[in-house]
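In what follows, a structure is listed as structure tokens, so that the remarks can point back to it.
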Amino acid sequence: MSNVPVAVVTGSNKGIGFAIVRALCKQFPGDVYLTARDPGRGQEAVAKLQEEGLHPLFHQLDIDDLQSIRAFRDFLKEKYGGLNVLVNNAGIAFKVRDTTPFAIQAEVTLKTNFFGTRNVCTELLPLVKPYGKVVNVSSMASNSALGGCSRELQQKFRSDTITEDELVELMTKFVEDTKKSVHEKEGWPNTAYGVSKIGVTVLSRIQARMLNEKRKDDHILLNACCPGWVRTDMAGPKATKSPDEGAETPVYLALLPSDADGPHGQFLSNKTVRSW
Ligand code: NAP
């Protein structure tokens, strides 16, 4: 088994994830895994970074597919005995002009952004080694969507005692409510992406709390962040940041020094803790 430190970035064949891998290849003292659901797109991305003189490794990972997540988990366990850095970056967003019915958009968006990210965490968090770092790429869209929730929902999402099961129940209810066209009446905002990212931010707060309760001595730091508005296929060419600039906050959190005791359980943008 290798003792080399290992960093993993989900959804990193393009966009911000690709830029995070590029930065980690330059700064992380160990193996950096570029992962992608499609091996062809993944290998192509690896080749691009190799042309820049960088040496990422590749593994297939589709966060919508539990088998794929578990195969990667077993690989990491066997080869490295765990992992040191996990960046949950993979995500999707329907375009504003997309005419897919809202209930479908809600189901598909939540499936990847919330449930897929959660499944990766369920399988990989137990393998994160002491002094490890976990970064969940959320969005400022989670903060604005929170503002659009009813007072009752806001209270639940800001609660310091909400459990992962309760969060899963709420995310499931959102999807069900959109199918019955009652989501607005039930206090939800009209944004599937925003609600999925509420899920990611609140999940991060819960996971950080669980680490405090169960693995305090392991000094693992786990945070959510917004990369900013970044020129990628998701956000389009008018966005203000380059992918490398968008990678800065996730990479800062992935490389927090081993003697840092924070941030932990926070939501950050531009390397600054934001209120939730
Ligand atoms: P992007 O260019 O569309 O890239 C998204 C990446 O996620 C792609 O590599 C995509 O792979 C991958 N992905 C999607 N579903 C996946 C799955 N089931 N399993 C594995 N990988 C999957 O988007 P981006 O702008 O770089 O976004 C990266 C993250 O930042 C997302 O979580 C996004 O919500 C967040 N974010 C972005 C912005 C922004 O302005 N761009 C702002 C706030 C937050 P394929 O190539 O196979 O589709």
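First listed ligand is number 1; within each ligand, the first listed atom is number 1. FYI, side chains are in, hydrogens and waters are out, and symmetry mates aren't considered; it's all heavy atoms of this structure. Here the structure is a predicted model, which is why all the values come from computation and not from measurement.
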Under 4.0 Å from a heavy atom of [X]: give me the atoms of ligand 1 that qualify, with their elements.
X: Trp229; value: 40 (O)
X: Arg41; value: 45 (P), 46 (O), 47 (O)
X: Ser139; value: 43 (C), 44 (C)
X: Val137; value: 29 (C), 30 (O), 32 (O), 35 (C)
X: Asp62; value: 17 (C), 18 (N), 19 (N)
X: Ala235; value: 39 (C), 40 (O), 41 (N)
X: Gly15; value: 2 (O), 26 (O)
X: Gly228; value: 38 (C), 39 (C), 40 (O), 42 (C), 43 (C)

Closer than 4.0 angstrom, basic N to acidic O: yes or no for [X] and [Y]?
X: Asp244; Y: Arg22; answer: yes
X: Glu164; Y: Arg118; answer: yes
X: Lys185; Y: Asp177; answer: no
X: Lys156; Y: Glu152; answer: yes

Taking the inter-plane angle between the rings of Phe157 and Trp188 on a 0 to 90° scale, is it parallel (under 30°), tilted (30 to 60°) or perpendicular (over 60°)?
tilted

Classify the ring geometry between Phe174 and Phe102 as parallel (under 30°), tilted (30 to 60°) or perpendicular (over 60°).
perpendicular

Below 3.5 angstrom, do we get any N/O pair linking [X] and ligand 1?
X: Ala36; value: no
X: Ile92; value: no
X: Gly11; value: yes

Please list the nearest protein heavy atom to [atom] with its residue and the distance rounded to 0.1 Å.
atom: atom 32 (O) of ligand 1; value: Asn89 O, 2.8 Å
atom: atom 11 (O) of ligand 1; value: Asn13 OD1, 3.4 Å
atom: atom 19 (N) of ligand 1; value: Ile63 N, 3.0 Å
atom: atom 40 (O) of ligand 1; value: Val230 N, 2.8 Å

State, with a plain yes or no, whether a side-chain heavy atom of Lys197 is found less than 4.5 Å away from one of Asn113.
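Yes, at least one pair of side-chain atoms sits under 4.5 Å.
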
For the residue pair Tyr193 and Gln105, establish whether any side-chain heavy-atom pair is separated by less than 4.5 Å.
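No - every pair of side-chain heavy atoms lies 4.5 Å or more apart.
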
State if [X] counts as touching ligand 1 under the rule of any non-hydrogen atom under 4.0 Å.
X: Tyr193; answer: yes
X: Asp233; answer: yes
X: Met140; answer: no
X: Pro227; answer: yes
X: Ser68; answer: no
X: Thr10; answer: no

Under the side chain to side chain contact (heavy atoms under 4.5 Å, CB included) rule, what do Val251 and Phe28 come out as? Steps first, then yes or no, please.
CA-CA 10 Å; Val251 169; Phe28 179 75; over 6 Å; no

Any side-chain to backbone donor/acceptor pair from Lys133 onto Tyr131? Under 3.5 Å, distance only.
yes

Nearest heavy atom to atom 16 (C) of ligand 1 wins, so pick from Arg37, Lys197, Lys111, Met234.
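Heavy atom nearest to atom 16 (C) of ligand 1 belongs to Arg37.
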
If you measure only the distance, is there a donor-acceptor pair under 3.5 Å linking the side chains of Thr163 and Asp165?
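There is no such pair between these side chains.
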
side-chain hydrogen bond (donor to acceptor under 3.5 Å, both in side chains), that's the test. Do Asn136 and Ser138 meet it? Break it down for me.
CA-CA 6 Å; Asn136 294 331; Ser138 184; over 6 Å; no

Quick one, His183 with Asn190, criterion side-chain hydrogen bond (donor to acceptor under 3.5 Å, both in side chains). Give me CA distance, side-chain angles, the key distance, then yes/no.
CA-CA 8 Å; His183 62 283; Asn190 217 11; 2.8 Å; yes

Side chain, backbone, both or neither: which part of [X] has a heavy atom under 4.0 Å from ligand 1?
X: Arg231; answer: neither
X: Leu61; answer: backbone
X: Ser138; answer: backbone

Do Tyr33 and Phe75 have ring centroids that are under 6.0 Å from one another?
yes

